[in-house]
Amino acid sequence: MLDDLESLNGVGSATASKLRSAGYTTIEAIAVTPPREIMEKTNVGFNTILKIQADARQMITTDFKTAQEFYEKRKTMKRCTTGSKKLNEALGGGIETQALTEFIGEYGSGKTQICLMISVTAQLPAEQGGLEGNVAFIDTEGTFMPERVYQIASSRGLDPQTVAKNILVARAYNSSHQCLLIDRLFTLCAENDIKLVIIDSMISHFRGEYVGRENLAERQQKLNQYLHKLVRLSEAYNLAIVLTNQVQANPTAFFGDPNRPAGGNVMAHACTHRVFLRKGSKGTRIARVIDSPCLPEVPTRFQITDKGIEDTEED
Ligand SMILES: Nc1ncnc2c1ncn2[C@@H]1O[C@H](COP(=O)(O)OP(=O)(O)O)[C@@H](O)[C@H]1O
Ligand SMILES: [Mg+2]
């Protein structure tokens, strides 16, 4: 982690303290934030910011890389267990870092349960399928249940107090508050060794606030901007990002599933892995990975229990 801002070309102690008090405490954060946004928050001139950013990017080399360098970076990618072997396999071995994974489903399909489960498993050592880090959880629907975290942790033989201390939770009250919290992640993640970021759900405030066709373009633009910030965050800090999404009825569907993911193309393009969830028989859940660049679309069954997420008994 690079926090010596004064080492950047054009940053004296005055500029450094403006940057720090606006929340840009690391060279990574400066390199990956849109310049206009830094300008608005710090009052530093636009051209100065461009110069500073050019230097910051040199230091963390986010510019062109060779395919071999890309390959090396991909090798540092880690995977977090969901608790179900089958679901992990469907995800190519677990939830990846340096990527956005989206869980889509109707009310009660198990999205929040998966989020609560991985808030616990992300903290495990690597040999037990964890990311050995802490968790940031943005809750937009008021459904984060600390009791459930305690239950999952205890039933897995972990100390629930320790586990709960490593999950930083923020309730987002509206979409602009949610955006503010996402901006805050750039410093929060570095300062608290966060390896998993959860946004449950990414879309609900946006859907509720931007109603009607005339507001759709603005909504999609905002959503797009913040999804791309999350992509940069996942790459800059090698962490996993999990988003949940709702479904919306597709009135033109005569065959097949009448529900489709909310958020349109913007969500579809930004998310690396998209997983559809639905209820199955006898209380089980069925996950289907959709339009992934490298994973097959096989329906997978898992169940929700006191221990969180598990394979079904017959497996
Ligand atoms: N301890 C538990 N044991 C078994 N099932 C549970 C437990 N806790 C929650 N569930 C199941 O999880 C469902 C809620 O799933 P949830 O993740 O909140 O859905 P959503 O997709 O709306 O976020 C409940 O209806 C219940 O079936
Ligand atoms: Mg939920």
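Side chains are part of it too, since the values below use all heavy atoms of this structure and drop only hydrogens, waters and symmetry mates. Atoms within a ligand are numbered from 1 in the order they appear, just like the ligands themselves.
In plain terms, the two heavy atoms of Ser109 and Glu106 that are nearest each other are OG-O, 2.7 Å. Between Glu96 and Ala240, the closest heavy-atom pair is O-CB, 3.3 Å.
For the pair Lys75 and Glu72, the salt-bridge criterion is met [side-chain N within less than 4.0 Å of a carboxylate O]. At a threshold of 4.0 Å, the pair Glu37-Lys41 counts as salt-bridged, since one of the basic side-chain nitrogens sits closer than that to a carboxylate oxygen. Salt bridge present: Glu6 and Arg20 bring a charged side-chain N and a carboxylate O closer than 4.0 Å.
For the pair Phe206/Lys222, a side-chain contact is recorded, criterion being any heavy-atom separation below 4.5 Å from C-beta on. Contact check for Asp200 versus Leu243: no side-chain heavy atoms found under the 4.5 Å cut-off.
Side-chain contact check for Asn88 and Thr82: at least one donor-acceptor pair (N or O, by modelled atom type) lies under 3.5 Å.
Each protein N, O or S atom less than 2.8 Å from the Mg ion (ligand 2) was counted, giving 1.
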Could you check ligand 1 for N or O atoms lying under 3.5 Å from protein N or O atoms and list the pairs with distances?
| residue | atom | partner | partner atom | Å |
| --- | --- | --- | --- | --- |
| ligand 1 | 1 (N) | Arg148 | NH1 | 3.3 |
| ligand 1 | 1 (N) | Asp306 | OD1 | 3.2 |
| ligand 1 | 17 (O) | Lys111 | N | 3.3 |
| ligand 1 | 17 (O) | Thr112 | N | 3.0 |
| ligand 1 | 17 (O) | Gln113 | N | 2.8 |
| ligand 1 | 19 (O) | Gly108 | N | 3.4 |
| ligand 1 | 19 (O) | Gly110 | N | 3.3 |
| ligand 1 | 21 (O) | Ser109 | N | 3.2 |
| ligand 1 | 21 (O) | Ser109 | OG | 3.3 |
| ligand 1 | 21 (O) | Gly110 | N | 3.1 |
| ligand 1 | 21 (O) | Lys111 | N | 3.0 |
| ligand 1 | 21 (O) | Lys111 | NZ | 2.8 |
| ligand 1 | 22 (O) | Gly108 | N | 2.7 |
| ligand 1 | 23 (O) | Thr112 | N | 2.9 |
| ligand 1 | 23 (O) | Thr112 | OG1 | 2.8 |
| ligand 1 | 27 (O) | Arg285 | NH2 | 3.3 |

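A cation-pi arrangement is present between Arg36 and Phe46, with the terminal nitrogen or guanidinium carbon under 6.0 Å from the aromatic centre and inside a 45° cone about the axis.
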